[in-house]
Amino acid sequence: MTARLSADFLIIGSGIAGLRAAVELASHGRVLVLTKSDPRAGSTGYAQGGIAAAVGPDDSPALHAADTLRAGDGLCDERAVDVLVTEGAAYVRELIDWGAAFDRRADGSLDLAREGAHSVRRVLHAHDATGREIARVLAARLAGLPRVEVRDHAVVVQAIVEDGGVAGVRFFDRDGTLTEARATATLVATGGAGQVYRETTNPEVASGDGVALAYLAGARVTDLEFVQFHPTVLAVPGAPRYLLSEALRGEGARLVNEAGEPFMTRYEPEGDLASRDRVSRAMLRESARTGAPVYLSLAHLPADVVRERFPVIADLCRRVGLDLATDRLPVSPAAHYAMGGVATDLDGRTSLPGLFAAGEAACTGVHGANRLASNSLLEGLVFGGRAGRAMQGATTDAWPAPVTRAIPAPPPSSPEPVSIGISEAALRDLMWTDAAVFRDRAGLQHAADTLAPLRAELERALAEGAGLTPETWRLGSLLTVGSLIVAAALRREESRGAHWRTDFPAREGRWKTHTGFTRSREDREEN
Ligand code: FAD
Ligand code: SIN
């Protein structure tokens, strides 16, 4: 039997974007936040380096915009960048007013860090656990508000599409009960999709659910080929892929080869602090040239300063028997961030009435082809807030007739469970082999030939009323998003930002455009 709930506003996800939106909505109606695991399980809680904002004396929104646009490699939406950098500082100051304890210097000024491709120090941080601190502050802000309910271990598996708009979602509650939750406005704030790849920094919950469910409901998704691979991920066989923050290089850490030689300037004039996509490619090239791993080294820096500034990372290294301050740390790129996502306007509106998106699951266009370090927390904060404000005015009055082919809404737990012809491990291996840092037509075509028929079969089965469980939903989501990443990467015959085609190594003016998909057609659209 299906249980039923209603609220004024639904938020899927309890990371920075979802929580910031909830704060905005709390005095305008009943807010139900659905989050599929522990509320702190998303990427926000893992964010290390910090949050970028133009608050330093030598900084300005114009400078922050220039760095963001350069990293985005010609594909940022300039209006979105303008919103991010001009509103960003005020949103961050508000966090400080609410109690965020960012590190400060002895004179009380903010201790701003440097990260790759930033021209000045602009990253606020709480040691190396910035996301945890921000989540703490937002959760505390919500805790006293009576009209906000956060329901954990609630796995959202489907949007309810009615009369051409989204009227709510279906989810599996903690005890496995299938529940319908209805609201005037629903926000997808489900974070990233790093789990699509075998090698990733992302937590278990980052399986692209928001992109998959929005796409299946008929919303437009865009720029999915742009996946950021973070260069410095601890690569110890058999150990988890712990992130070694870019802030380490901001404080002087160097990438070295097996012989202990720094090598980055051989590939990139900006050396160790080039943008992430460039550093990742240079590392793989150096590794191929020498036939050996590459390492991050902090051994030339004062050990006590390193351990004091980066306690979380020092602890992660210790867990695998390494000393952050003195050992050479084997590193390799891993999937870290999705620049693409559910297409939105500057207020989080998607192409479907009633459905909004913010944070990593959304694509405002702010990151273009490659995100600037520490701009993601800022994006979640600013655009989460803006989406929350826009949702206040949502109404079902003027929904148009349906224009897309949404999957009808059968009860997801019907007796015939959907079956997906690939295992999660095989899918993640395939994506890593064929659609990661270096791509070409042969690999992408191989991945497309494997995944596209499975996605078509999944969509057909769902449309015919096959059932879902939380587990089959996870695999279905990984398949949907993985297959869309591959389709977009195959289509973009150039190299730009994080998308590198060895068979099309040049950046091409004709590709200064976005790829996008809706279920009614597969389209390529101009800027
Ligand atoms: P998340 O924080 O990932 O939250 C998503 C939420 O959605 C979670 O609560 C999840 O459980 C929930 N969810 C997902 N699917 C469902 C479903 N089907 N049903 C219900 N709930 C669901 N960025 C920076 O700017 N600075 C940094 O220093 C930084 N460091 C990082 C370090 C690591 C290790 C990682 C992985 C990322 C880092 N990033 C950093 C990126 C940044 O943390 C994320 O992009 C950002 O936190 C995303 O916020 P979000 O609110 O969109 O999603
Ligand atoms: C890091 O600390 O290197 C991650 C920062 C980010 O993803 O922006």
Side-chain angles (χ1 to χ4, degrees), residues 10-21 33-53 71 113 115-118 123-126 128-132 134-135 138 150-158 169-172 187-195 200-213 228 230-233 240-250 276 279 310 312-313 316 334-339 341 357-362 367 371-381 383-384 470 473-474 477:
L10 273 179
I11 294 177
I12 318 173
S14 56
I16 189 167
L19 294 181
R20 186 60 189 80
V33 181
L34 300 171
T35 186
K36 77 174 171 185
S37 177
D38 180 283
R40 295 159 300 183
S43 294
T44 298
Y46 291 83
Q48 296 179 348
I51 182 164
E115 289 187 24
H118 287 273
V123 180
L124 295 90
H125 55 91
D128 51 356
T130 311
R132 203 191 296 164
I134 294 174
L138 291 174
V150 179
R151 207 174 260 231
D152 58 46
H153 296 87
V155 185
V156 176
V157 296
Q158 197 175 44
V169 297
R170 294 192 171 82
F171 68 97
F172 287 102
L187 178 70
V188 169
T190 48
Q195 290 285 323
T200 182
T201 63
N202 284 195
E204 185 75 10
V205 293
S207 46
D209 296 17
V211 170
L213 76 85
Q228 181 168 79
H230 197 296
T232 53
V233 181
R241 291 294 177 253
Y242 296 130
L243 180 72
L244 302 184
S245 174
E246 196 159 310
L248 295 165
R249 276 173 287 134
R276 281 182 191 168
V279 178
F310 299 106
V312 172
I313 301 173
L316 295 176
H336 181 62
Y337 184 83
M339 268 73 74
E360 192 170 337
H367 306 303
R371 170 173 70 84
L372 185 66
S374 288
N375 263 358
S376 172
L377 290 175
L378 188 67
E379 184 200 23
L381 197 64
F383 289 93
W473 164 248
R474 176 179 166 87
S477 175

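Counting convention: from 1, in listed order, for ligands and their atoms alike. Quick caveat, the model's predicted, so the values are computed rather than measured.
Contact annotation for His125 and ligand 2: no heavy atom of the residue comes within less than 4.0 Å of the ligand. Only side-chain heavy atoms of Asp209 come within less than 4.0 Å of ligand 1; its backbone N, CA, C and O stay farther off. Here Asn375 has backbone heavy atoms under 4.0 Å from ligand 1, and that is the only part of it that gets that close. Counting heavy atoms under 4.0 Å from ligand 2, residue Asn375 does not touch it at all. At a heavy-atom distance under 4.0 Å, only backbone atoms of Ala189 (N, CA, C or O) approach ligand 1. Residue contacts with ligand 1 for Ala41 are absent, since no atom lies close enough (heavy atoms, distance under 4.0 Å).
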request  = Verify side-chain contact (heavy atoms from CB on, under 4.5 Å) between Leu34 and Phe171, making sure each step is shown before the conclusion.
outcome  = CA-CA 9 Å; Leu34 300 171; Phe171 68 97; 3.7 Å; yes

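Between Glu115 and ligand 2, no pair of N/O atoms sits closer than 3.5 Å. Considering backbone and side-chain atoms alike, Gly49 places an N or O below 3.5 Å from some N or O of ligand 2. Residue Gly42 has no N or O atom closer than 3.5 Å to an N or O atom of ligand 1. At a 3.5 angstrom cut-off on N or O pairs, Ser43 counts as close to ligand 1. In terms of polar-atom proximity, Gly49 is counted as a contact of ligand 1, with an N or O under 3.5 Å from an N or O of the ligand. Polar contact check, Ala17 against ligand 1: a nitrogen or oxygen pair lies under 3.5 Å apart. Any N or O atom pair closer than 3.5 Å counts here, and Thr44 shares at least one such pair with ligand 1. Taking only nitrogen or oxygen atoms, main chain and side chain alike, Gly192 does not reach within less than 3.5 Å of ligand 1. Residue Val205 places no N or O, backbone or side chain, under 3.5 Å from any N or O of ligand 1. Not a single N or O atom of Val155, backbone or side chain, sits closer than 3.5 Å to an N or O atom of ligand 1. For the pair Ser245 and ligand 2, the shortest N or O to N or O distance falls below 3.5 Å. Any N or O atom pair closer than 3.5 Å counts here, and Tyr337 shares no such pair with ligand 1. In terms of N/O distances under 3.5 Å, ligand 1 is not approached by Tyr46.
If you number the atoms of ligand 2 from 1 as listed, the ones under 4.0 Å from a heavy atom of Glu246 come out as 1 (C), 2 (O), 3 (O). Within the listing of ligand 1, atoms 5 (C), 7 (O), 14 (C), 15 (N), 16 (C) sit less than 4.0 angstrom from a heavy atom of Thr190. Near Ser374, meaning under 4.0 Å from any of its heavy atoms, are these atoms of ligand 1: 24 (C), 25 (O), 26 (N). Of all atoms in ligand 1, listed by their number and element, those nearer than 4.0 Å to a heavy atom of Gly359 are 52 (O). In summary, the atoms of ligand 1 found under 4.0 Å from a heavy atom of Ile12, numbered by their order in the structure, are 19 (N), 20 (C), 21 (N). Within the listing of ligand 1, atoms 36 (C) sit less than 4.0 angstrom from a heavy atom of Asn202. Residue contact check: Ala373 has heavy atoms under 4.0 Å from atoms 8 (O) of ligand 2. Near Ala154, meaning under 4.0 Å from one of its heavy atoms, ligand 1 places the atoms 19 (N), 20 (C). Atoms of ligand 1 found under 4.0 Å from any heavy atom of Leu34 (numbered from 1 in listed order, with element): 20 (C), 21 (N).
Under the 4.0 angstrom criterion for non-hydrogen atoms, Arg371 is in contact with ligand 2. The shell of residues lying under 4.0 angstrom from ligand 1, judged by heavy atoms, excludes Ala206. Residue contacts with ligand 2 include Leu243, since one of its heavy atoms falls under 4.0 Å from the ligand. For the pair Thr35 and ligand 1, a heavy-atom separation below 4.0 Å is found. Heavy-atom distances between Gly131 and ligand 1 stay at or above 4.0 Å for every pair.
In this structure, the protein non-hydrogen atom closest to atom 25 (O) of ligand 1 is Leu377 N, 2.8 Å. Annotation: atom 8 (O) of ligand 2 to nearest protein heavy atom, Ser374 N, 2.6 Å. Counting protein heavy atoms only, atom 52 (O) of ligand 1 is closest to Glu360 N, 2.9 Å. Scanning the protein for heavy atoms near atom 19 (N) of ligand 1, the closest one is Val156 N, 3.0 Å. Scanning the protein for heavy atoms near atom 53 (O) of ligand 1, the closest one is Gly191 CA, 3.2 Å. Of the protein's non-hydrogen atoms, Gly50 O, 2.7 Å is the one closest to atom 26 (N) of ligand 1. For atom 7 (O) of ligand 2, the closest heavy atom belonging to the protein is His336 NE2, 2.7 Å. Given atom 6 (C) of ligand 2, the protein heavy atom at minimum distance is Arg276 NH2, 2.9 Å. For atom 40 (C) of ligand 1, the nearest protein heavy atom (residue, atom name, distance) is Ala47 CB, 3.9 Å. For atom 7 (O) of ligand 1, the closest heavy atom belonging to the protein is Gly13 CA, 3.2 Å.
Put simply, the side chain of Ser477 gets close to the backbone of Ser207: a donor and an acceptor are under 3.5 Å apart. A donor-acceptor contact shorter than 3.5 Å is absent between the side chain of Asp152 and the backbone of Thr35.
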Below 3.5 Å, can you tabulate the donor-acceptor pairs from side chains in residues 42-53 to any protein atom, sequence neighbours excluded?
| from | atom 1 | to | atom 2 | distance (Å) |
| --- | --- | --- | --- | --- |
| Thr44 | OG1 | Ile16 | N | 3.0 |
| Gln48 | OE1 | Ser245 | N | 3.1 |
| Gln48 | NE2 | Leu243 | O | 3.1 |

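Of the inter-residue distances, the one linking Leu372 atom CG with Asn375 atom CG reads 4.5 Å to the nearest 0.5 angstrom. To the nearest 0.5 Å, the span separating OG on Ser14 from CG on Asp38 amounts to 8.0 Å. To the nearest 0.5 Å, the span separating CD1 on Ile134 from CG on Leu381 amounts to 7.0 Å. From Glu115, atom CD reaches atom CZ of Arg249 across 8.5 Å, with rounding to the nearest 0.5 Å. For the atom pair OG1 of Thr201 and OH of Tyr242, the computed distance is 13.0 Å after rounding to the nearest 0.5 Å. The distance from atom CH2 of Trp473 to atom NZ of Lys36, rounded to the nearest 0.5 Å, is 9.0 Å.
Annotation: Phe172 is not in aromatic contact with His153 [ring centroid separation under 6.0 Å not met].
Of all heavy-atom pairs between Ala373 and Gly116, the closest is CB-O, 4.2 Å.
A salt bridge is absent between Glu360 and Arg371; no separation between the charged side-chain nitrogens and carboxylate oxygens falls under 4.0 Å.
In this structure, the ring pair (Phe, Tyr, Trp, His ring centres under 6.0 Å) partners of His230, at least two apart in sequence or on a different chain, are His336.
The residue among His367, Gln48, His336 with a heavy atom at the shortest distance from atom 39 (N) of ligand 1 is His336.
The shortest side-chain heavy-atom distance between Val33 and Arg151 does not fall under the 4.5 Å cut-off.
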